[in-house]
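Atoms within a ligand are numbered from 1 in the order they appear, just like the ligands themselves.
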Amino acid sequence: MQKIKNVNEAEVAGKRVLVRVDFNVPMVTVDGVPQVAGDLRIRAALPTLELLHQNGAAQIIILAHLGRPGGKVDESMRLAPIEARLRELTTVPFVMHENLRFDSREEANDPAFAQELASLGDVYVNEAFADSHRAHASIVGVPKLLPNFAGLQFTLEVAKLSNALTPPQGAVAVIGGAKFETKLPLITKLLSLYAEVLLGGALGNDVIKARGLPFGASLISDKPVPTDLAINERLVVPTDAVFAEVDSNAERSGNVVDIRINESVIDIGPQTTAQWSEKIKKAPFVLWNGPLGMYERGYVDGTEGLAKTLAECGVPAVIGGGDTATAIEKFKFDPEKVFVSTGGGAMLQFLVDGTLPGIEALKTSAV
Ligand code: ADP
Ligand code: 3PG
Ligand code: MG
């Protein structure tokens, strides 16, 4: 077992460097042509690529995946649009390997595939924190075969998310989104570390239901919330919400207990947004994952309200989640104060387990 080495310690002059990145970014199709819709993950890899180039790397070979093509070529998931976006963002020369997941051996962590990839380079850099919860060949196989290093963003992710696991007293966590059961281990853990866990999005509905309050036609998860969690007073649910009528989509805001049978909660309400903003302003540290409303349908007021507070108040914060990062993309945060994680599932798994397969793989020495 070795200490993880940072890419700024790597001797790369004259060497071929394999850089595994996570460019699994949101895409849109315009006039039948797929295009990058959000480039947070692409921009996050730029400092590492620039460092490698400055330090004289002979060749930078980018390894990435897009979507879940299931081990075969899928024309809609080629990396060409992502490569084009990267060339717009940097003048660093690189070559881009085609979508790794076109080969079923990537997800199977096939040693022969890892060997094939490793033979393309002399040094391996993991700049794919957001994919490091996957024990795939390019994440855990290749670093066993080459001198391996963590990318700059990867290192920052581990440091910032580790800080979120040792929060100062009085810190506040905000958890939104959907599917309570997938976030249950995280919520349980955060209740042991944070003064309060503010629960919005569809997750709030599950606790409201478990507390015996009306929930109308709101989205509810399949599994009930465990009783010990439901009665925990440090698990805070919204006091008011935006409701949408199921058939007409007519909306109004009101006290959560006044929800009608044909209405569902689609966002936290203005009073809750104001109350939670006050809690955030007074907190020494904030961790936030999950949109507080159905942002894709335009119900963004709660999510944007809290993002605005965090952008303005100067409280140190870590924000992450695939949907969360997309929902708050337009906000400009002070990078000294607010860290926006590129990780979706990887961030959640790191917060629960304190490590990831891709992190452990960097602790093994190349043979
Ligand atoms: P992240 O990717 O940031 O971890 P999630 O995937 O857990 O976030 O949750 C995002 C989803 O939660 C979005 O599709 C959003 O529409 C949904 N959501 C948020 N609030 C509600 C709500 N009140 N009812 C139903 N779905 C919601
Ligand atoms: C992500 O977007 O969270 C990562 O790229 C992992 O993608 P996956 O969930 O398809 O493994
Ligand atoms: Mg999501």
Checklist entry - Can Arg297 be said to touch ligand 1, with heavy atoms closer than 4.0 Å? => result no

Checklist entry - Does Gly344 reach ligand 1, in the sense of a heavy atom lying below 4.0 Å from it? => result no

Would you indicate which of [options] comes nearest to [atom] when only heavy atoms are counted?
atom: atom 17 (C) of ligand 1; options: Ala241, Gly322, Gly345, Ala178; value: Ala178
atom: atom 18 (N) of ligand 1; options: Gly290, Gly293, Gly204, Pro238; value: Gly293
atom: atom 8 (O) of ligand 1; options: Gly321, Gly320, Pro291; value: Pro291

Shortest non-hydrogen separation from [X] to [Y] and the atoms involved:
X: Asp103; Y: Phe113; value: OD2-CE1, 3.5 Å
X: Val225; Y: Ala210; value: CB-CB, 3.9 Å
X: Asn148; Y: Ala361; value: ND2-O, 4.1 Å
X: Lys223; Y: Glu181; value: N-OE1, 4.1 Å
X: Leu100; Y: Glu106; value: O-CB, 3.4 Å
X: Pro284; Y: Gln169; value: CG-O, 3.2 Å

If the cut-off is 4.0 Å to any non-hydrogen atom of [X], which atoms of ligand 1 fall inside it?
X: Asn289; answer: 3 (O), 4 (O)
X: Thr324; answer: 1 (P), 3 (O)
X: Lys183; answer: 4 (O), 5 (P), 7 (O), 8 (O)

Report, in ascending order of atom number, the atoms of ligand 2 lying under 4.0 Å from any heavy atom of [X].
X: Arg68; value: 8 (P), 9 (O), 10 (O)
X: Arg101; value: 7 (O), 8 (P), 10 (O), 11 (O)
X: His65; value: 5 (O), 7 (O)

Donor-acceptor pair between [X] and [Y] side chains, under 3.5 angstrom:
X: Thr342; Y: Asp22; value: no
X: Thr48; Y: Gln153; value: no
X: Thr355; Y: Asp353; value: no

Would you mind checking which non-hydrogen protein atom is closest to [atom], with the distance to 0.1 Å?
atom: atom 5 (O) of ligand 2; result: Asp22 OD2, 2.6 Å
atom: atom 9 (O) of ligand 1; result: Gly177 CA, 3.1 Å
atom: atom 7 (O) of ligand 2; result: Asn24 ND2, 3.5 Å
atom: atom 23 (N) of ligand 1; result: Val265 O, 3.0 Å
atom: atom 27 (C) of ligand 1; result: Met294 CG, 3.5 Å
atom: atom 11 (O) of ligand 2; result: Arg134 NE, 2.5 Å
atom: atom 6 (O) of ligand 1; result: Asp323 OD2, 3.1 Å
atom: atom 21 (C) of ligand 1; result: Ala202 N, 3.4 Å
atom: atom 6 (C) of ligand 2; result: Asp131 OD1, 3.3 Å
atom: atom 14 (O) of ligand 1; result: Glu296 OE2, 2.5 Å

Checklist entry - Mind checking whether Phe285 and Tyr194 have parallel, tilted or perpendicular rings, split at 30° and 60°? => result tilted

Checklist entry - At under 4.0 Å between heavy atoms, which part of Leu219 makes contact with ligand 1: side chain, backbone, both or neither? => result side chain

Checklist entry - Where's the contact between Thr182 and ligand 1, heavy-atom distance under 4.0 Å: side chain, backbone, both or neither? => result neither

Checklist entry - Using heavy atoms and a threshold below 4.0 Å, how should the contact between Arg41 and ligand 2 be classified: side chain, backbone, both, or neither? => result side chain

Next on the checklist: Just to be sure I read this right, does ligand 2 sit under 4.0 Å from the backbone of Met347, its side chain, both, or neither, counting only heavy atoms?
Outcome noted: neither

Starting at [atom1] of [X], measure out to [atom2] of [Y] and round the result to the nearest 0.5 Å.
X: His136; Y: Arg20; atom1: NE2; atom2: CZ; result: 8.5 Å
X: Leu165; Y: Lys160; atom1: CG; atom2: NZ; result: 14.0 Å
X: Arg78; Y: Phe102; atom1: CZ; atom2: CZ; result: 5.5 Å

Checklist entry - So, Glu11 and Lys15, do they make that salt bridge, N to O below 4.0 Å? => result no

Item to check | Cation over ring face, Arg87 and Phe94, 6.0 Å, 45° | outcome: yes

Item to check | Any N/O pair His136/ligand 2 closer than 3.5 Å | outcome: no

Checklist entry - Could you walk me through whether Glu263 and Arg252 pass the salt bridge (Lys or Arg N to Asp or Glu O under 4.0 Å) check? => result CA-CA 10 Å; Glu263 289 177 330; Arg252 67 176 182 107; 2.7 Å; yes

Next on the checklist: Looking only at N, O or S atoms in Asp323, which is nearest to the Mg ion (ligand 3)?
Outcome noted: OD2

Next on the checklist: Please determine whether any non-hydrogen atom of Ala130 lies less than 4.0 Å from an atom of ligand 2.
Outcome noted: yes

